[in-house]
Amino acid sequence: MPPRVKIAPSLLSADFAQIADQIRLVEEAGADALHLDSMDGRFVPNFTWGPKIVADLRKLTTLPFDCHLMIVEPENYVDAFRAAGADIITFHYEATPHAHRLLQHLRSIGARAGIGINPDTPTSLLVDIVEECDQILVMSVNPGFGGQRFIERALVKLQEVRALCAERNPDCDVEVDGGIGTDNIERAVQAGATMLIAGSSVYAAPDPQAALREMRRRIDALGG
Ligand code: DX5
Ligand code: ZN
């Protein structure tokens, strides 16, 4: 039985001048977690925030923090993110030479261990580490920016990852990140996603709460 499907709004598209209010909005509307994108200007061509900001945000909500590290050498920073309050820590397969070791380390520090793959990274590379994962993130855009178009090929990759997890690690969440909205949310869930990241489709909507509730309604209608 796959895990219940969760929705995590991405704060990348939120207005940080009003961040407490922006978090409260999605919390009230039933968000299951908050997705926090850390970018270093090296792994991706953009910058966001590090552990200091995560620690400050931690005071604003009890929602789980799903920290997506788009940074090189993530092994040097995961302890700091965990200490800042990260519950799930996802690093990129492409960003470290020792993914297996780092996944084990994440569990040892009490985090849920996540690994992400870029659109050009095949799912077959996960075959020897799937048991070490609590979450696998399939990027459905090239990482670095919100508001990009969903890459349809990600649906095939979600199916492949779901099948791998069903066989070897059924409790593992399958996360999809990038371009998710009402036009593809059902297809992403049917392909196997159990954790949906929604940035601009929530925070750039005229009514973020209505947008999030509509996504929830559509997922629930699938029986997810
Ligand atoms: C992009 C980030 C995403 C981003 C998604 O690199 O990893 O989490 O916030 O934004 P949308 O949902 O607008 O594609
Ligand atoms: Zn992300």
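Counting starts at 1 for both ligands and their atoms, in listed order. Everything numeric in this text was worked out from a predicted model, so none of it was measured.
A donor-acceptor pair shorter than 3.5 Å cannot be found between the side chains of D128 and H100.
Among all non-hydrogen protein atoms, the one lying nearest atom 1 (C) of ligand 1 is F145 O, 3.5 Å. Scanning the protein heavy atoms around atom 2 (C) of ligand 1, the nearest turns out to be D37 OD1, 3.4 Å.
Close approach of ligand 1 to P143 is summarised as follows: ligand atoms under 4.0 Å from at least one heavy atom of the residue are 6 (O). Annotation for ligand 1: atoms under 4.0 Å from non-hydrogen atoms of M70 are 6 (O), 7 (O). Listed by number with element, the atoms of ligand 1 under 4.0 Å from a non-hydrogen atom of G147 are 11 (P), 13 (O), 14 (O). Listed by number with element, the atoms of ligand 1 under 4.0 Å from a non-hydrogen atom of S200 are 11 (P), 12 (O), 13 (O). Those atoms of ligand 1 that come under 4.0 Å of a heavy atom in H35, given as number and element, are 8 (O). Interface atoms of ligand 1 facing G178, defined by a heavy-atom separation under 4.0 Å, are 14 (O). Close approach of ligand 1 to H68 (heavy-atom distance below 4.0 Å) involves ligand atoms 7 (O).
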- Test log, rule side chain to side chain donor-acceptor pair (under 3.5 Å), inputs T121 and E94: CA-CA 8 Å; T121 299; E94 304 85 0; 2.5 Å; yes

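Residue R112 is tested with D66, D171, D173 for a salt bridge (charged side-chain N to carboxylate O under 4.0 Å, His left out); the sole match is D173.
The Zn ion (ligand 2) lies closest to atom NE2 when only the N/O/S atoms of H35 are considered. Residue-level check: among N/O/S atoms of D177, OD2 sits closest to the Zn ion (ligand 2).
Taking only non-hydrogen atoms, the option from S10, G199, P9 nearest to atom 9 (O) of ligand 1 is S10. Selection from V202, I197, L12, D177 by nearest heavy atom to atom 5 (C) of ligand 1 gives D177. Compare G181, G146, A8, G179 by their heavy atoms: the one nearest to atom 10 (O) of ligand 1 is in G146.
Rounded to 10 degrees, the ND1-metal-OD1 angle spanning H68 and D37 at the Zn ion (ligand 2) equals 90°.
Side-chain contact between K157 and I117 is present, with at least one heavy-atom pair separated by less than 4.5 Å. Contact of the H92 side chain with the M139 side chain is registered, since non-hydrogen atoms from C-beta on lie closer than 4.5 Å. Contact annotation: the side chain of L137 approaches that of H68 to within less than 4.5 Å [non-hydrogen atoms, C-beta and beyond].
Taking 4.0 Å as the cut-off, G144 counts as a neighbour of ligand 1 on heavy-atom distance.
By the 4.0 Å N-to-carboxylate-O rule, D220 lies too far from R213 to be salt-bridged with it. A salt bridge between R101 and E75 is absent, with no side-chain N of the basic residue lying under 4.0 Å from a carboxylate O of the acidic one. Salt bridge annotation for D21-R24: present, with a cationic side-chain nitrogen under 4.0 angstrom from a carboxylate oxygen. R217 has a carboxylate O that lies under 4.0 Å from a charged side-chain N of E214, or vice versa, which qualifies the two as a salt bridge.
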